[in-house]
Amino acid sequence: MAYAFASLLAGLVFGLGLLISGMANPDKVLGFLDLAGPWDPSLALVMVGAIMVGVIGVAVARRRTLSFLGASISLPTNTRIDKRLVFGGLTFGVGWGLAGFCPGPGLVALGAGELKALVFVVAMVAGMAVFEVIERRRAKS
């Protein structure tokens, strides 16, 4: 029960942060990504703040074997930059630039009832399904 409550609370704080910062507004995100147009740098501060929180969280997690609620902690160990990572990063960036959403803000905007977010989330789930099929085929060969 504590795990479910902590998850709900973290999700609410994350979603509220995305709404307040404007990350769930595709027009604001596209204004940030459009370096050649009327660039809006305000999201850079949001991202720097998120990176700082993430760095602190990872530093704390690296010193522990269990989370504060008792679940095991499993951090990524791969440090290689390979074609899959680069291709995945580029695909993510192109999708973010085209839609103005990344997964978290897309889900928040969907919860707020935005039709654009519905299209984005359907496309995101379809992309995840295609990735899963490719990975299963790759594992068999």
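Note that these values count all heavy atoms, side chains included, but never hydrogens, waters or copies made by symmetry. The model shown is predicted, which means the values in this text are computed figures rather than measured ones.
Atoms CG and CG, on L30 and L98 in that order, are 8.5 Å from each other to the nearest 0.5 Å. How far CD1 of I56 is from CD1 of I51: 12.5 Å, rounded to the nearest 0.5 Å. Rounded to the nearest 0.5 Å, atoms CG (L115) and CG (L110) are 10.0 Å apart.
Placement of V60 and L66 in two distinct hydrophobic clusters is found when ILVMFWY residues are connected by side-chain heavy-atom separations under 4.5 Å, directly or transitively. In terms of hydrophobic clustering, with Ile, Leu, Val, Met, Phe, Trp and Tyr side chains grouped at heavy-atom distances under 4.5 Å, V48 and V46 are assigned to different clusters. No continuous path of hydrophobic side-chain contacts links V55 to L75 [ILVMFWY only; heavy atoms under 4.5 Å]. Cluster membership check: L19 shares its hydrophobic cluster with V29, using side-chain heavy-atom separations under 4.5 Å among Ile, Leu, Val, Met, Phe, Trp and Tyr. Cluster annotation: V94 and L33 are assigned to distinct hydrophobic clusters (Ile/Leu/Val/Met/Phe/Trp/Tyr, side-chain heavy-atom contacts under 4.5 Å, transitive).
F120 places none of its side-chain heavy atoms less than 4.5 Å from the side chain of E114. Looking at heavy atoms from C-beta onward, F14 lies out of side-chain contact with L107 at the 4.5 angstrom threshold.
With sequence neighbours excluded, no residue forms a side chain to side chain donor-acceptor pair (under 3.5 Å) with D27.
The shortest non-hydrogen separation linking L69 to A6 is CD1-CB, 3.4 Å. Taking both residues in full, the closest heavy atoms of P41 and F32 are given as CA-CD1, 4.2 Å, listed atom of the first, atom of the second, then distance. In terms of heavy-atom proximity, F101 sits nearest to A109 at CE2-CB, 3.4 Å. Among all heavy-atom pairs drawn from G106 and A117, the shortest one is O-CB, 3.5 Å. Considering every non-hydrogen atom in both A24 and V108, the closest pair reads CB-CG1, 4.0 Å. Contact record, R80 with L85: O-CD2, 4.0 Å, taken as the closest heavy-atom pair.
More than 12 heavy atoms of other residues, nucleotides or ligands lie within 6.0 Å of CZ in F92, so this atom counts as buried by the packing criterion. Atom CD1 of I81 sits in a sparse spot, with 12 or fewer heavy atoms from other residues, nucleotides or ligands closer than 6.0 Å. Residue M128 places its CE atom among 12 or fewer non-hydrogen atoms of other residues, nucleotides or ligands, all under 6.0 Å distant. Surrounding CZ of R64 are more than 12 heavy atoms belonging to other residues, nucleotides or ligands, all under 6.0 Å away.
For K28 and S21, the side-chain atoms include no donor-acceptor pair closer than 3.5 Å.
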